Amino acid sequence: MIRYASTKDLDALSELDGHISKTELLNVIKRRCVIVSTENGKINGWLRYGLFWDNLPFMNMLYIIDGERGNGLGTALCDFWERELKELGYSLALTSTLSDERGQLFYRKRGYRDCGSLILPNEVTEIIMYKKLEDNDG
C-alpha cells in the first residue's frame, strides 16, 4: 500500500532513515512530504521531499528496503508522488543522484533529464535532474 506517512510512522521511519533528524522528520511528515510503501503493516520503502527555492518539489530521498528492490516499489512511490504533485498544481519535479549510482538510470527511464550538478570537495558529483510532470503518464 502506498500512502502518506503519519505520525504513527515516526519511530519506524526514524530508525530506517538515518539522513534526517527525528525532529525534522516529524516536521516533514506533518507537511505531508513523506510517502511510504507498506506491506503487512511494515514500511518497505519511502519517498521524502521538500521544496527547492520554496517552490519546486525536490525529492530528497527514495529508499527501498534491501530484499524489496526490483519489485516496482520505487516506481510506485514515484508515480504516487508525481500524481500528487500534479494535483497540487506543480508542473516540474526535481531530484538528484550521485554520478556513480545506478539510480540515475532509474530516473532517466522515468523521464528525468540532467539540469546541473553539485560538486563538493572530495565528494562524488551529484547530478541534479528535472522532469516536466505533464510528460508523466503514470
Side-chain angles (χ1 to χ4, degrees):
M1 176 166 87
I2 307 288
R3 61 175 172 76
Y4 284 103
S6 74
T7 55
K8 293 176 186 176
D9 299 310
L10 178 62
D11 289 335
L13 276 170
S14 181
E15 286 184 29
L16 293 167
D17 188 347
H19 295 91
I20 186 171
S21 73
K22 193 170 185 177
T23 300
E24 185 55 24
L25 182 57
L26 177 60
N27 291 335
V28 294
I29 287 172
K30 287 179 178 178
R31 287 194 310 264
R32 293 178 50 103
C33 292
V34 181
I35 300 162
V36 295
S37 168
T38 61
E39 187 173 330
N40 299 322
K42 291 193 174 197
I43 295 170
N44 57 3
W46 68 93
L47 183 154
R48 181 168 38 81
Y49 79 99
L51 295 177
F52 186 77
W53 289 336
D54 297 323
N55 65 3
L56 291 171
F58 186 97
M59 184 191 320
N60 295 316
M61 172 69 67
L62 174 62
Y63 192 86
I64 308 302
I65 299 297
D66 288 337
E68 299 288 335
R69 295 182 185 135
N71 295 329
L73 292 179
T75 296
L77 285 163
C78 285
D79 286 349
F80 182 98
W81 181 59
E82 291 169 4
R83 277 193 307 271
E84 291 292 302
L85 292 179
K86 284 171 64 172
E87 286 184 23
L88 292 169
Y90 294 104
S91 60
L92 191 72
L94 298 171
T95 193
S96 69
T97 184
L98 294 175
S99 61
D100 65 351
E101 286 182 330
R102 289 182 45 218
Q104 64 182 291
L105 304 173
F106 171 80
Y107 295 118
R108 285 194 175 95
K109 189 174 179 182
R110 293 193 56 77
Y112 284 81
R113 302 289 175 250
D114 296 14
C115 64
S117 62
L118 176 64
I119 303 169
L120 296 173
N122 304 314
E123 297 288 335
V124 175
T125 300
E126 185 87 15
I127 302 170
I128 312 300
M129 306 176 93
Y130 77 96
K131 179 179 181 180
K132 291 183 180 179
L133 295 175
E134 54 267 26
D135 294 339
N136 178 20
D137 296 330

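Any value given below was found using the heavy atoms of this structure, including those in side chains, with hydrogens, waters and symmetry copies removed. Remember, it's a predicted structure, so these values are computed and weren't measured experimentally.
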So salt bridge (Lys or Arg N to Asp or Glu O under 4.0 Å) across residues 116-127, not counting sequence neighbours, yields none

For residues Leu25 and Ser14, report the shortest heavy-atom separation together with the two atoms involved. CD2-N, 3.5 Å

To the closest 0.5 Å, what do you measure between CG (Leu56) and OH (Tyr90)? 8.5 Å

Could you point out which residue of Arg48, Lys22, Arg3, Lys42 forms a salt bridge (Lys or Arg N to Asp or Glu O under 4.0 Å) with Asp9? Arg3

Could you tell me which non-hydrogen atom of Ile65 sits nearest to which non-hydrogen atom of Leu16, and how far apart they are? CD1-CD2, 3.8 Å

Passes salt bridge (Lys or Arg N to Asp or Glu O under 4.0 Å), Glu24 versus Arg31? Steps please. CA-CA 11 Å; Glu24 185 55 24; Arg31 287 194 310 264; 3.6 Å; yes

Do Lys132 and Arg113 make a side-chain contact, defined as non-hydrogen atoms from C-beta onward lying under 4.5 Å apart? no

Looking at side-chain heavy atoms only, is the closest gap between Leu62 and Phe106 below 4.5 Å? yes

Is there a path of hydrophobic side-chain contacts, each under 4.5 Å between heavy atoms of I/L/V/M/F/W/Y residues, joining Met59 to Phe80? yes

Do Ile64 and Leu77 come close enough that some side-chain heavy atom pair is under 4.5 Å? yes

Just jot down the side-chain hydrogen bond (donor to acceptor under 3.5 Å, both in side chains) partners of Asn60, sequence neighbours excluded, or say none. none

Can you tell if the side chain of Val34 reaches within under 4.5 Å of the side chain of Met61, non-hydrogen atoms only? no

Are Leu51 and Asn55 close enough that some pair of their side-chain heavy atoms sits under 4.5 Å apart? no

Are Ile35 and Met1 connected in a single hydrophobic cluster, I mean Ile/Leu/Val/Met/Phe/Trp/Tyr linked by side-chain heavy atoms less than 4.5 Å apart? no

Any donor-acceptor N/O pair, Glu82 side chain to Leu133 backbone, under 3.5 Å: no

With clusters defined by side-chain heavy atoms of hydrophobic residues (ILVMFWY) lying less than 4.5 Å apart, directly or transitively, does Leu10 cluster with Val28? yes

Heavy-atom count check: over 12 atoms from other residues, nucleotides or ligands less than 6.0 Å from Lys30 NZ? no

Hey, could you give me the SG/CG distance between Cys78 and Leu85, rounded to the nearest 0.5 Å? 10.0 Å

Could you check if a side-chain atom of Tyr107 sits within less than 4.5 angstrom of a side-chain atom of Ser96, using non-hydrogen atoms only? no

Arg69 charged N/C atom sitting above Tyr63 aromatic ring, 6.0 Å / 45°: yes

Give the cluster check for Tyr4 versus Leu47: same hydrophobic cluster or not, with ILVMFWY residues linked at side-chain heavy-atom distances below 4.5 Å. yes

